[in-house]
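The first residue of the sequence shown is numbered 1, and numbering continues consecutively from there.
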Amino acid sequence: MNKIKGFIISVRPHQWIKNLFLFAGVVFSGRFFDLHALGRSFAGFAAFCALAAGVYLLNDVRDIEADRKHPVK
């Protein structure tokens with residue numbers, strides 16, 4: 001369970017909130033109840049979240065030695 005919690009912290013889901021801006025086009029175009037438009041926005045949201053998580057993980061792996069030397073991290 002500890003590894004799962006560590007993984008969730010590492011992918012930084014709190015940063016994904018900004019990806020909700022992908023729904024702005026659907027909302028402001030008045031197509032919020034259009035399932036096709038919502039599906040595409042959701043797919044984009046999921047893709048952006050997955051890509052962001054991957055970048056966070058790659059960055060953590062790349063900076064692991066520097067982070068170990070840091071007194072707080």
For the residue pair [X] and [Y], what are the closest heavy atoms and their distance?
X: Tyr56; Y: Val11; value: CD1-O, 3.5 Å
X: Leu22; Y: Ser41; value: O-OG, 3.7 Å
X: Trp16; Y: Phe45; value: O-CE1, 3.7 Å

Pair Asp60 + Arg12: basic N to acidic O under 4.0 Å: yes

Do Phe33 and Leu38 come within less than 4.5 Å of each other through their side chains, counting heavy atoms only? no

Connected via hydrophobic side-chain network under 4.5 Å: [X] and [Y]:
X: Val26; Y: Ile17; value: yes
X: Leu51; Y: Leu57; value: no
X: Val55; Y: Phe7; value: no

To the nearest 0.5 Å, what is the distance between [atom1] ([X]) and [atom2] ([Y])?
X: Asn59; Y: Ile64; atom1: CG; atom2: CD1; value: 11.5 Å
X: His14; Y: Ile9; atom1: NE2; atom2: CD1; value: 10.0 Å
X: Asp34; Y: Arg40; atom1: CG; atom2: CZ; value: 10.5 Å

With a cut-off of 6.0 Å (strictly less than), are more than 12 heavy atoms of other residues, nucleotides or ligands near CZ of Phe48? no

